[in-house]
Amino acid sequence: MDRKVNKKLMDIYFSLYNYFGPRHWWPSKNDFEMILGAILTQNVAWKNVEVAIENLYKNNLMDPVSICSASDEAIIDAIRPARFFNQKAKYIKAFCRHLIDCYDGKLGRLFDKDISSLRDELLSLPGIGEETADAIILYGAKKPIFVVDAYTRKLVRLLNLLDEPVNYSRVQLYFMSNLETDVYLYNEYHALIDAWGNRICKGKTANCSQCPLVNQCTVKRDDKIEASAGGS
DNA sequence: TTCCCGCCTT
DNA sequence: AAGGCCGGAA
């Protein structure tokens, strides 16, 4: 019954889990906040998103009706720290408009849909691409789908798990067809990869001496790429 | 100056 | 495939 489980992927998971511990994702008070956070965090440091979310609460904009009736300027003013505020204000408004028009503003009704049609519907909305849609399905609707981000692809490359091209659907299929279908496992796995990607294996500093995956990694990067690469 | 839990349009 | 979006901490 566990035939499909790939030992290498579980070894990576436990290496990360033993190092970082449970990540308690998604960091939000409710599903609506989670969804806005997923849109706001696109290509932005999470710390900035926290400020934007706090601003939305302060201005009573953390519900679909208030967002739909608010001016673009009011939303932009609140989410400014999250970058790309002109587009993101439109995206957030469009999602709330859709939620109200189609589901009477009730997320539970949207989340009742099956994964496949829910995903298609989310992808049809502006500003929601594959990663954001899958994050909403996993961390909002609590349905089993694996979230792939830039860190996941970096991990796949450095550990040589797949040949090129390491595109979204291939990476997602690889994880989902080699892991048990489990919401908790998918939740922690993605969150752990995120912690690894933004705390350990960063752009210019690989920190291999601290990396919990150093033994599984095929590309031995130096701790200080800049300092050692072609130097002297 | 770099880098952040992307997406959309050419 | 590449550029635009575009604030803030390190």
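Everything numeric in this text was worked out from a predicted model, so none of it was measured. Labels below follow one simple rule: chain letters A, B, ... track the order of the sequence lines, proteins then strands, and each chain is numbered from 1. As a basis for the values below, the full set of heavy atoms in this structure was taken, side chains included, without hydrogen atoms, waters or symmetry mates.
Rounded to whole Å, atom P of C:dA9 lies 12 Å from atom CD of A:E50. Atom C1' of nucleotide C:dA9 and atom CG of A:N198 are separated by 13 Å, given to the nearest angstrom. One atom, CG of A:L138, and another, C1' of B:dC5, lie 13 Å apart when rounded to the nearest Å. Look at CG on A:N55: it is 10 Å from P on C:dG8, rounded to the nearest Å. Distance, A:R153 CZ to B:dC5 P: 15 Å, rounded to whole Å. Rounded to whole angstrom, the span from the CD1 atom of A:I79 across to the P atom of C:dG8 amounts to 12 Å. Summarising the geometry, the separation between CG on A:N167 and C1' on C:dA1 is reported as 15 Å, rounded to the nearest angstrom.
Among the heavy atoms of the strands lying under 4.0 Å from A:R83 is at least one base atom, whether or not backbone atoms are also near.
Residue A:V65 shares its hydrophobic cluster (ILVMFWY side chains chained together at separations under 4.5 Å) with A:I100. In this structure, A:V214 stands alone, with no Ile, Leu, Val, Met, Phe, Trp or Tyr side-chain heavy atom under 4.5 Å from its own, directly or through other members.
Comparing C:dC5 with B:dC3, their C1' atoms are spaced 16 Å from each other, to the whole Å. For the C1' atom pair drawn from C:dC6 and B:dT2, the interatomic distance equals 15 Å after rounding to whole Å.
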Show me the protein contacts with nucleotides 6-10 of chain B, counting only N or O atoms at under 3.5 Å.
unit_1, atom_1, unit_2, atom_2, d
B:dG6, OP2, A:N43, N, 3.2
B:dG6, O5', A:N43, N, 3.1
B:dG6, O3', A:T132, OG1, 3.4
B:dG6, O6, A:N43, ND2, 3.2
B:dC7, OP1, A:G129, N, 3.0
B:dC7, OP1, A:G129, O, 3.4
B:dC7, OP1, A:T132, N, 2.9
B:dC7, OP1, A:T132, OG1, 2.5
B:dC8, OP1, A:G127, N, 2.9

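In the set B:dC5, C:dG8, C:dC6, C:dC6 carries the atom at the smallest distance from any side-chain atom of A:N86.
For residues 143-164 of chain A, the set of pairs meeting the ring pair (Phe, Tyr, Trp, His ring centres under 6.0 Å) definition, not counting sequence neighbours, comprises A:F146-A:F175, A:F146-A:Y186, A:F146-A:Y189. Evaluation of the salt bridge (charged side-chain N to carboxylate O under 4.0 Å, His left out) test over residues 63-87 of chain A, restricted to residues two or more places apart or in two chains, returns A:D72-A:K93. Sequence neighbours left out, the pairs with a member in residues 162-177 of chain A that pass salt bridge (charged side-chain N to carboxylate O under 4.0 Å, His left out) are A:R157-A:E164.
Within residues 183-191 of chain A, no residue is approached by DNA chain C to less than 4.0 Å at the level of any non-hydrogen atom. Of the residues in residues 12-38 of chain A, those placing a heavy atom less than 4.0 Å from an atom of DNA chain B are A:W25, A:W26, in numerical order.
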Pairs under 3.5 angstrom only: tabulate donor-acceptor contacts from the side chains of residues 120-128 of chain A to other protein residues two or more places apart or in another chain.
unit_1, atom_1, unit_2, atom_2, d
A:E121, OE1, A:Y103, OH, 3.0
A:E121, OE1, A:K113, NZ, 2.8
A:E121, OE2, A:H98, NE2, 2.7
A:E121, OE2, A:Y103, OH, 2.6
A:S124, OG, A:E121, O, 2.6

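Listed by chain and number, the residues in a salt bridge (charged side-chain N to carboxylate O under 4.0 Å, His left out) with A:D114 amount to none (sequence neighbours excluded). Taking the salt bridge (charged side-chain N to carboxylate O under 4.0 Å, His left out) definition, one finds that A:K142 meets it with A:D31, sequence neighbours left out. For A:R97, the salt bridge (charged side-chain N to carboxylate O under 4.0 Å, His left out) partners are A:D101, not counting sequence neighbours.
When all heavy atoms of A:A74 and A:A70 are compared, the pair lying nearest together is CB-CB, 4.5 Å. Minimum heavy-atom separation, A:Q172 to A:I145: NE2-CG1, 3.4 Å.
For the residue pair A:N59 / A:N55, no side-chain donor-acceptor distance below 3.5 Å is found, with atom types taken as modelled.
Mapping A:K47 and A:A82 onto DNA chain C by nearest heavy atom places A:A82 closer to the 5' end of the strand.
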